[in-house]
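Have a look at the structure below before the remarks.
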Amino acid sequence: MTDAAVEFSDFRVAALAGGVGGAKLVRGLDSVLQPGKLTVIVNTGDDFVHFGLQICPDLDTVCYALAGLADPMKGWGRADETWQVFTSLAELDAPTWFQLGDKDLALHLERTRLLQSGWSLSALTRGFCDRWNIRSRVLPMCDEPFRTRVRTAEGKLLDFQEYFVRERCEPKVQEFVFAHAENIQAAPEVLPALLEADLVVLCPSNPWVSIDPILHLPGIREILQEKVVVAVSPIIQGKTIKGPAAKMFAELGIPPSSLSVLDHYADFLDGFVYDALDREVFQNYDAERIILYGTDTLMKTDEDKTRLAAEVLRFGQNLISRKAP
Ligand code: FO1
C-alpha cells in the first residue's frame, strides 16, 4: 500500500464532478484513496443525442481519465484516437461541429445499444468501468434525460453542446435552463453514496453547468447541509484554466473570482480550497464558518493531481475533527 493509501484507509469520499478540470482532481482522488472508497457523481446535463447516439461527455471524460485512456492534451476524448469515421462524415457533408473519434464512437454505439435494450445509464456505466478496471465507483447523476440549456442575451435557447462546441461559448449568457428537470430523481445509488461519505468534495468544475445540475436534483442539497463539504475553486486570478466559467460569472453580473465560487456554494460549504495566487482575494474574508485553505491548485501532471487530492483530503479530515462533538 502507498503512504497515501495508508493515510486515508477507510476514508469514504463522494466527489461531484463534470468536465476536464473535475476529471483531473477525480484522478488524483482515485490514486490516493483505497479502491472502492471514492464515488464520483457526474453531471449529465451536457448529454445529448447526435447521429442518433447517446453522448455523455462528462461521464466519458471522468471514466477515460480514471481508466488512463484520456487524451492528455484535450482532456476529453481518447488518447491515440483515429478519425476515420469523422473524416468520412465530412466527405458526406454531414455535421462535423462535434468531433467524434473512432474509439470514442464505439462507446457511444454500445451505450446507445444497451440503453435501447433497457439498461439504465448507471448500470451500463458500471459495466464499462469494470471492463476498464476502474477502482472507484462512477455514477451518472440521474438515469433519465436532464438537459442543460443556455438562454442567450439575444433570447435564443441553445442546447448545451450547441452553445459550448458549435458556438464556442461565444453568445452572452442570460440564464441556464434545466430542461426535463421537474420530476427527475437522482440515480438510485447517488443519495446513498452521499449519505455514506465521510467527506463530499466539489471538484474544480464549472459551478453553473457542471455542479449546479447535480445540486438541482431533489434531496442533494439537504444531504450536503448535513455533511462536511469542501469545494475546490476552478477560478484562479479571475480566470479559468479551461472552459467558460469565468466568462459566465461576468455575463451574469457577478465578479469572476474564487470568492464568487465560494459564495455560490456558501449555504452548505464547510471548507474552500483556493489557489495561493488568490491570497489577496481572501485577505479580509471572515473565515468563521467556511474554513479556507490556499495552495497550488493547478494540475498539469499526475503528480499535481495526487498532491492536490491528498491536500484536499487532509483538509477535509481536519474539518471533520473540528466538527466532531
Ligand atoms: N469539446 C469541444 O470543444 N469540441 C468537440 O468537438 C468535442 C467533442 C467531444 C466528443 C466527446 C466527448 O466526450 C467530449 C467532447 N467535447 C468536445 C468536450 C465536451 O463538449 C465538454 O468537455 C463538456 O461537455 C463540458 O464539460
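Counting starts at 1 for both ligands and their atoms, following the listed order. In what follows, residues are counted from 1 in the order of the sequence shown.
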What protein heavy atom sits nearest [atom], and how far away is it?
atom                    : result
atom 20 (O) of ligand 1 : Gln161 OE1, 2.8 Å
atom 16 (N) of ligand 1 : Trp76 CD2, 3.3 Å
atom 9 (C) of ligand 1  : Phe98 CZ, 3.2 Å
atom 3 (O) of ligand 1  : Val165 CG2, 3.9 Å
atom 13 (O) of ligand 1 : Pro57 CA, 3.3 Å
atom 21 (C) of ligand 1 : Phe164 CE2, 3.6 Å

Modelled atom types, side-chain donor and acceptor of Asp212 and His216, under 3.5 Å =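 Distance-only check fails for Asp212 and His216.
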ask   = Does a donor on one side chain sit under 3.5 Å from an acceptor on the other, for Thr301 and Asp304?
value =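 Judged by distance alone, the side chains do pair up.
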ask   = So is Asp104 polar-close to ligand 1, meaning N/O to N/O under 3.5 Å?
value =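 By distance alone, the answer is no.
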Atom indices of ligand 1, in the order listed, that fall short of 4.0 Å to a heavy atom of [X]:
X     : answer
Asp58 : 23 (C), 24 (O), 25 (C), 26 (O)
Asp46 : 23 (C), 24 (O), 25 (C), 26 (O)
Gln99 : 5 (C), 6 (O), 8 (C), 9 (C), 10 (C)
Gly19 : 26 (O)

key: Pairwise distance SG(Cys169) to CD(Glu251) - rounded to 0.5 angstrom   =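 Here the interatomic distance stands at 9.5 Å.
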inquiry  = Applying ring-ring contact (aromatic ring centres under 6.0 Å, His included) to Tyr64 and Trp76, what does each step give before you reach the verdict?
reply    = CA-CA 8 Å; Tyr64 290 156; Trp76 54 265; over 10 Å; no
query = Should Leu109 and Leu53 count as side-chain neighbours, where that means a heavy-atom distance under 4.5 Å?
reply =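 Yes, at least one pair of side-chain atoms sits under 4.5 Å.
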Salt-bridge present ([X], [Y]; N to O < 4.0 Å):
X      : Y      : value
Asp30  : Arg27  : no
Arg147 : Asp159 : no
Glu311 : Arg314 : no

